[in-house]
Amino acid sequence: MTSSPSVASKLSKDSAARGLFDQSALSALAQRLVEAAKRAGADAADAVAMRGVSQGVEVRDGRVEESERSEGDDVGLRVLVGKREAVVSTNDVRGDGIASLAERAVAMARVAPEDKFVGLADASELARDFPELDLLDPGIPATSELERRAQEAEAAGRAVKGVTKSGGASASAGVGGMVLVTSTGFHGSYLRSSQGISMTAISGEGTGMERDYDFTTALHASDLASPAGVGRTAGERAVARANPRKVETCKVPVVYDPRVSGSLVGHLVGAINGASIARKTSFLKDKLGQQLFAGNIRIIDDPLRVRGLRSQAFDAEGVRVKRTALIDGGVLTTWLLDCATARELGMTTTGHAHRGVSSSPSPGSYNLHMEAGSATPKALISDIKQGFYVTDLIGSGVNSVTGDYSRGASGFWIENGEITYPVSEVTIAGHLLDMFKSLTPADDLEFRYGTNAPTLRIEGLTLGGR
């Protein structure tokens, strides 16, 4: 049996949150579900149990508008009878109906259509080492502390000269985790905490109002930006957007601020998802091993980053995970694969399976980032006579089948190498293959989100204006 260490065993016995962090009951339930499925006639089975606890506070004008808490455990059972598969789920974690749930799942599988690609991960692919990733902050903040953080963020935002209203501030905290048990002998679990602070500020009046925001999120409270810093940044951004202008339609260099540059990495990763490749619905379906970016570009998926927002030591099929360069030297090196899509494509799983309690595994990414370049953001902009610096993207006008890109945007006009006045109501259009080829990264990479990239410059995009 492959088994990950118990989270609760690492915490002090007098921890007030020990019960929350103890997944032993969920682990035992998942084990019993798998055993019941085998007794009911399944050839193979796996069970996943999910734990989710969250609390949040929203304030506006110094007063608490909403305070809520939610928690729950859910379990799901996947059974295989030959090449037929069924998935059932329940939130009855007492386990009173285990036998009937397993029997129902097996009965469903027997009448399901055959799928020659379904199956559990091979035992040789299972994770056996579970590195310490420091995912859990045992100091869950009280509601009063969340109120303090939200109120401090809002007060700092409202104090910025030019801010006329608060759009509200919030603070949240939570714990989520998973237990996975398979009939092939894997038994793993993890928990990760999360905490966040956000604030929205408004400048101007009436139809001339502009709003902007800032937020911080981390697994550990010590890694959060200060509430005052979040509020102040939100206020300064809202004021900077006041009195935006429109621009004529043109073709210019476009520079992506780090808070939106990660979206380009997201479009790439969506296109190399094994499910899209298998369905032939990706514009990159024939590009494996080809040069997509300049030779200095590397894009990394790292599930093992310590305190990473999406880190975990095994995937949703129990397969070992590893740090992978999806783009290395500008070349596309791999698809994101789970076991089923790997079999369909005649390849080996890359350990990218994700799932919920009521679904089969499907491929997905972990902690993504594009490595930094060598130029400062200022140097990246310095030779642009006319261009656009984008800070916000609107809508989802990206066609993953063709690679066509068109998104609403707002930001600032660049003139003679300097960021000048705010611009709104424009559209950025191009083709992702062309955008990837002309992309240049700056040196300001920070790990703030699940997907991170530095400031990025892209040549020759069409800016749709008035």
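In terms of modelled atom types and a separation under 3.5 Å, the side chain of D137 and the main chain of A221 share a donor-acceptor contact. The main-chain N or O of D257 is never found under 3.5 Å from a side-chain atom of T391 such that the two would form a donor-acceptor pair. Checked by atom type and distance alone, the side chain of N367 pairs as donor or acceptor with a backbone atom of R310 at under 3.5 Å.
By the side chain to side chain contact (heavy atoms under 4.5 Å, CB included) test, S400 is found to be paired with no residue, residues two or more places apart in sequence or in another chain being considered. For F412, there are no ring pair (Phe, Tyr, Trp, His ring centres under 6.0 Å) partners at least two apart in sequence or on another chain. Not counting sequence neighbours, the partners of P303 by the side chain to side chain contact (heavy atoms under 4.5 Å, CB included) test are V321, Y366.
Between Y190 and F130, a ring centre-to-centre spacing not shorter than 6.0 Å is recorded.
The shortest side-chain heavy-atom distance between N91 and V357 does not fall under the 4.5 Å cut-off. Looking only at side-chain heavy atoms (C-beta outward), E317 and D338 come within less than 4.5 Å of each other. Inter-residue side-chain proximity for S282 and N273 is flagged as unmet; no heavy-atom pair is nearer than 4.5 Å. By the 4.5 Å heavy-atom criterion applied to side chains, Y256 and L393 are counted as neighbours. Using a 4.5 Å cut-off on side-chain heavy atoms (C-beta onward), D392 and R259 make contact. L33 is listed as a side-chain neighbour of L101, based on a closest heavy-atom distance under 4.5 Å. The shortest distance between side-chain heavy atoms of T143 and R69 does not fall below 4.5 Å. Side-chain contact between Y213 and S198 is absent, with no heavy-atom pair separated by less than 4.5 Å.
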Practice item. Begin from the C-alpha positions of L191 and L135 and carry the test side chain to side chain contact (heavy atoms under 4.5 Å, CB included) through to its verdict. Key: CA-CA 7 Å; L191 277 174; L135 304 183; over 6 Å; no
**Study point:** I327 and L332: CA distance, side-chain angles, deciding distance, side chain to side chain contact (heavy atoms under 4.5 Å, CB included) verdict
**Key:** CA-CA 5 Å; I327 299 291; L332 175 61; 4.0 Å; yes
Point to revise | Worked verdict on L264 versus Y405 for side chain to side chain contact (heavy atoms under 4.5 Å, CB included) | key: CA-CA 10 Å; L264 296 171; Y405 179 96; 4.1 Å; yes
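Relative to the six-membered ring of F447, R307 misses at least one condition, a distance below 6.0 Å or an angle of at most 45° to the axis.
Between the side chains of T350 and H352, at least one donor N or O lies within less than 3.5 Å of an accepting N or O. Checking E125 against T349 by side-chain atom types alone, no donor-acceptor pair falls below 3.5 Å. In summary, the side chains of T455 and D444 do present a donor paired with an acceptor at a separation below 3.5 Å, with no hydrogens or angles considered.
Ionic pairing of E154 and R60 is not present here: no N-O contact between side-chain nitrogen and carboxylate oxygen is shorter than 4.0 angstrom. Salt bridge absent: E35 and R32 never bring a charged side-chain N and a carboxylate O closer than 4.0 Å.
Shown here for I197 and P227, the closest heavy-atom pair between the two residues is CD1-CG, 3.8 Å. Of all heavy-atom pairs between I428 and A409, the closest is CD1-CB, 3.7 Å. Nearest approach of G229 to D214, heavy atoms of both residues: O-OD2, 4.3 Å. Taking each heavy atom of A238 and S203 in turn, the nearest pair found is O-OG, 2.8 Å. Taking every heavy atom of both residues into account, G308 and L219 meet most closely at O-CD1, 3.3 Å. Annotation for M50 and G356: closest pair CE-CA, 3.9 Å, computed over non-hydrogen atoms.
When the shell of 6.0 Å around CZ of R211 is examined, it contains 12 or fewer heavy atoms from other residues, nucleotides or ligands. Within 6.0 Å of CG on N399 lie more than 12 heavy atoms contributed by other residues, nucleotides or ligands. For E65, the CD atom sits in a packed shell: over 12 heavy atoms of surrounding residues, nucleotides or ligands are nearer than 6.0 Å.
Between the NZ atom in K322 and the CG atom in D302 there is a gap of 12.5 Å [rounded to 0.5 Å].
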